[in-house]
Amino acid sequence: MAPRVVLVTGSTSGIGEATALQFARAGDTVVFNSSRSVEAGERLAATTPGSHYVQADIAKGDDRTRLIREVLERCGRLDVLVNNAGITKRIAHKDLASADIDVWREIFEVNVFGTWGLSVAAMDALREAHGSIVNVSSIAANSSGGSSIPYSASKAALDQMTALLAKAVGPEVRVNAVAPGLVATPWTADWHDTHKFVSSIAPLRRSGTPEDIAEVIFSLATASSYVTGQVVVIDGGLTI
Ligand SMILES: NC(=O)c1ccc[n+]([C@@H]2O[C@H](COP(=O)([O-])OP(=O)(O)OC[C@H]3O[C@@H](n4cnc5c(N)ncnc54)[C@H](OP(=O)(O)O)[C@@H]3O)[C@@H](O)[C@H]2O)c1
């Protein structure tokens, strides 16, 4: 297979970093991205042959335009967009006052509007390459859990966006999503009780690793040429 150009948003840490490295190991040209952790991004690009790093906050329209422009200027094409960047706030679901409208806006600006805006900005290049998008959702979209109600709702919006966008941009571009369960990343580093709980009840008896998620994202973008509009759950069987 010819090497591809792959942009992974939020790839200085956790699931995004593991995903970018998985594509790079397969010989693809990878573009790392983050909004704040510039040093980590530049270090990853320096130690991953043929890769690049572009700082951009996907919640900002100008940054999204610049990010796609820089990818095309540096690499000449874009084959795969992994919309991994996401944020949350941990708020107990019963604490309605803390989940105020500002929190909803902040989370939706990144998880929903940022993902939509970047996908649209990338679409001409993806159509030209007959490429694909993989969104990183969460099992929180469809369960009664999740770190807060606004976070879970943002991932539910992302699932529906995945299906409708797939319908709108086929046959040139495929659009899929993954829905991880609990994954051991810096994001969940101090969720000790939750890791313990998942390890005790999930059929596979452990939390996920970033690499568990990366391999399914890679497969959706690589070998799954008749799959589009789908959300693949990767949770060790937790939600069965
Ligand atoms: N960990 C889990 O258990 C879990 C479960 C289900 C779903 N997920 C989803 O998986 C994705 C990655 O999570 P993770 O656990 O790997 O998180 P993580 O280790 O905290 O990494 C998040 C990455 O996103 C970047 N980022 C955050 N806001 C951004 C923005 N506005 N623009 C560009 N980059 C941004 C961060 O860098 P900067 O801060 O420097 O920007 C970092 O590189 C998220 O979408 C999350 O919802 C995670």
Side-chain angles (χ1 to χ4, degrees), residues 7-22 30-45 53-64 66-68 70 81-90 105-118 121 134-143 145-148 150-159 161-162 177-192 194-195 197-199 202 206-214 216-217 231-236 238-239:
L7 168 59
V8 184
T9 64
S11 43
T12 54
S13 153
I15 293 168
E17 178 182 346
T19 301
L21 293 175
Q22 168 113 22
V30 162
V31 182
F32 292 93
N33 155 262
S34 66
S35 64
R36 295 169 303 172
S37 47
V38 175
E39 213 173 288
E42 286 174 344
R43 199 171 47 244
L44 279 162
Y53 168 73
V54 180
Q55 181 283 331
D57 181 344
I58 66 148
K60 295 183 178 157
D62 289 350
D63 280 23
R64 292 193 292 266
R66 177 176 52 78
L67 174 55
I68 299 302
E70 284 198 33
L81 169 61
V82 180
N83 283 313
N84 167 74
I87 59 167
T88 192
K89 286 248 152 70
R90 270 197 113 179
R105 280 209 185 92
E106 195 185 332
I107 292 175
F108 269 62
E109 286 291 349
V110 178
N111 298 7
V112 182
F113 310 149
T115 299
W116 172 259
L118 194 65
V134 183
N135 293 324
V136 179
S137 182
S138 167
I139 58 168
N142 283 308
S143 68
S147 44
S148 63
Y151 174 76
S152 296
S154 77
K155 295 299 188 179
L158 189 54
D159 286 1
M161 186 200 303
T162 299
V178 294
L182 184 69
V183 184
T185 70
W187 177 310
T188 65
D190 59 358
W191 299 15
H192 305 296
T194 320
H195 284 289
F197 175 71
V198 167
S199 299
R206 63 176 177 85
S207 303
T209 64
E211 291 72 23
D212 290 326
I213 314 306
V216 180
I217 293 173
V231 181
V232 179
V233 173
I234 316 164
D235 68 349
L238 182 67
T239 51

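One-based numbering, in listed order, for ligands and for the atoms of each.
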Option set [options], criterion heavy-atom distance to [atom], minimum:
| atom | options | value |
| --- | --- | --- |
| atom 27 (C) of ligand 1 | A40, G10, G86, S34 | G86 |
| atom 40 (O) of ligand 1 | A20, S37, G208 | S37 |
| atom 4 (C) of ligand 1 | G146, S138, G181, A179 | G181 |

Quick one, [X] and [Y] - any side-chain contact, counting heavy atoms below 4.5 Å?
| X | Y | answer |
| --- | --- | --- |
| N83 | I58 | no |
| T19 | I213 | no |
| T185 | E17 | no |
| L182 | T188 | yes |
| S11 | Y53 | no |
| W116 | N135 | no |
| W191 | S207 | no |
| R206 | D212 | yes |

In ligand 1, which numbered atoms sit nearer than 4.0 Å to a non-hydrogen atom of [X]?
| X | value |
| --- | --- |
| L182 | 3 (O) |
| G14 | 16 (O), 19 (O) |
| A56 | 32 (N), 33 (C) |
| N33 | 33 (C), 34 (N) |
| S11 | 43 (O) |

Could you tell me the residue and atom name of the protein heavy atom closest to [atom], and the distance to it rounded to 0.1 Å?
| atom | value |
| --- | --- |
| atom 43 (O) of ligand 1 | T12 OG1, 2.7 Å |
| atom 32 (N) of ligand 1 | I58 N, 3.1 Å |
| atom 13 (O) of ligand 1 | W187 CE3, 3.5 Å |
| atom 19 (O) of ligand 1 | S13 OG, 2.5 Å |
| atom 9 (C) of ligand 1 | V136 CG1, 3.7 Å |
| atom 48 (C) of ligand 1 | I15 CD1, 3.8 Å |
| atom 31 (N) of ligand 1 | D57 OD1, 2.8 Å |
| atom 39 (O) of ligand 1 | R36 NH2, 2.7 Å |

Heavy-atom pairs closer than 4.0 Å: do any link ligand 1 to the side chain of [X], the backbone, both, or neither?
| X | result |
| --- | --- |
| S137 | backbone |
| V183 | both |
| P210 | neither |
| N84 | both |
| T188 | side chain |
| I87 | side chain |

*Does a side-chain N-to-carboxylate-O contact under 4.0 Å join R90 and D190?*
no

*Does N33 reach the main-chain N or O of Q55 with its side chain, forming a donor-acceptor pair under 3.5 Å?*
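Checked: no pair found.
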
*Step by step, work out the side-chain hydrogen bond (donor to acceptor under 3.5 Å, both in side chains) result for T162 and D159.*
CA-CA 5 Å; T162 299; D159 286 1; 5.2 Å; no

With a 4.0 Å cut-off on heavy atoms, is [X] touching ligand 1?
| X | answer |
| --- | --- |
| T9 | no |
| E17 | no |
| P186 | yes |

*asked:* Are more than 12 heavy atoms, taken from residues, nucleotides or ligands other than E39, located less than 6.0 Å from that residue's CD atom?
replied: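 Atom CD in E39 is not packed in, count stays at 12 or less.
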
*asked:* Is there a polar contact, in the sense of an N or O pair closer than 3.5 Å, between Y151 and ligand 1?
replied: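 Checking ligand 1 against Y151, an N or O pair does fall under 3.5 Å apart.
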
*Pick out which of V136, D235, I139 makes a side-chain contact (heavy atoms from CB on, under 4.5 Å) with P180.*
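So the option named by the test is V136.
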
*Run through V110, N84, T115 and flag the one making a side-chain contact (heavy atoms from CB on, under 4.5 Å) with T9.*
N84

*asked:* Under the criterion side-chain hydrogen bond (donor to acceptor under 3.5 Å, both in side chains), I'd like the reasoning laid out for S154 against N111: C-alpha separation, chi angles, the key distance, then a yes or no.
replied: CA-CA 6 Å; S154 77; N111 298 7; 3.1 Å; yes

